[in-house]
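Just below is one structure, and these are the notes that go with it.
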Amino acid sequence: MSDEQRLWAVRGAIKAESNDVEAIVSATEALMRELMSRNELEPERMVSCLFTTTDDLNAEFPAVAARRLGLESVPLLCTRELDVPGAMRSVIRVLVHYYASGDHAPAHTYLGKAQELRSDLHAAQ
């Protein structure tokens, strides 16, 4: 393993069961726990997290879940995903920037129905 650190980015997504606080927070927590586990991420190595939601999810900010997981000092931003006709609804996406060794391989994390969004990334399932 290389001692040299570099900046990496990893993506993930999950579909929320409904547009309510508990559904959004629990889906985001599940996504972040799995993404952090697969990439062996500690909050201290994380630079930022950008969350997007489809326009039908507005009951809570996904960042609330990230704060509950201990990301108090990580800058978080929530925004809307582009509303493309026919696109999957009720999706929470995340892009995480973090430092890891130079030989690290990001493990993108698409859970549940959101796996259909990136069937080309078999390792993300």
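In this structure, CG in L57 is found 8.5 Å from OG in S18, a value given to the nearest 0.5 Å. With rounding to the nearest 0.5 Å, the separation of CD in E40 from CZ in R45 is 7.5 Å. To the nearest 0.5 Å, atoms CG (L35) and CG (L95) are separated by 10.0 Å. Atom OG1 of T28 and atom CZ of F51 lie 6.5 Å apart (nearest 0.5 Å). The CG atom of L31 sits 11.5 Å away from atom OG of S26, with the distance rounded to the nearest 0.5 Å. Rounding to the nearest 0.5 Å places OG1 of T54 at 11.5 Å from CG of L82.
Taking the side chain as every heavy atom from C-beta outward, L71 and M32 approach each other to under 4.5 Å. Residues V91 and K113 have side chains not in contact (no heavy-atom distance under 4.5 Å, counting atoms from C-beta outward). Annotation: side chain of M88 is in contact with side chain of K15 (closest heavy-atom distance under 4.5 Å). Between T109 and R11, every side-chain heavy-atom pair lies at or beyond the 4.5 Å cut-off. Between L77 and S48, the closest side-chain pair of non-hydrogen atoms is not below 4.5 Å. Annotation: side chain of E81 is not in contact with side chain of D55 (no heavy-atom distance under 4.5 Å). Contact of the T79 side chain with the L50 side chain is registered, since non-hydrogen atoms from C-beta on lie closer than 4.5 Å. Between S101 and E4, every side-chain heavy-atom pair lies at or beyond the 4.5 Å cut-off.
No side-chain donor-acceptor contact under 3.5 Å links Y99 and H104.
With sequence neighbours left out, E17 forms a side chain to side chain donor-acceptor pair (under 3.5 Å) with no residue at all. With sequence neighbours excluded, the residues that form a side chain to side chain donor-acceptor pair (under 3.5 Å) with R80 are T53.
Checked by atom type and distance alone, the side chain of D56 pairs as donor or acceptor with a backbone atom of S90 at under 3.5 Å.
P106 and W8 make their closest contact through CG-CE3, 3.4 Å (heavy atoms, listed as atom of the first residue, atom of the second, distance). Of all non-hydrogen atoms in N39 and A105, the two that sit nearest each other are OD1-O, 4.2 Å. Closest of all the heavy-atom pairs between A30 and I14 is CB-CD1, 4.2 Å. Pairing each heavy atom of L117 with each of A13, the nearest pair is CD1-CB, 4.0 Å. Among all heavy-atom pairs drawn from A23 and A16, the shortest one is O-CB, 4.3 Å. In terms of heavy atoms, C49 sits closest to V94 at CB-CG2, 4.3 Å.
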(message) The test is side-chain contact (heavy atoms from CB on, under 4.5 Å); show your working for E42 and M36 and say whether it passes.
(response) CA-CA 7 Å; E42 300 296 327; M36 290 171 69; over 6 Å; no
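In terms of hydrophobic clustering, with Ile, Leu, Val, Met, Phe, Trp and Tyr side chains grouped at heavy-atom distances under 4.5 Å, V47 and V10 are assigned to different clusters.
Ionic pairing of R67 and E72 is not present here: no N-O contact between side-chain nitrogen and carboxylate oxygen is shorter than 4.0 angstrom. Between R6 and D103 no salt bridge is recorded (no basic side-chain N to carboxylate O distance below 4.0 Å).
Annotation for V21: hydrophobic cluster partners, listed by chain and number, are V25, F61, V64 (ILVMFWY side-chain heavy atoms under 4.5 Å, direct or chained).
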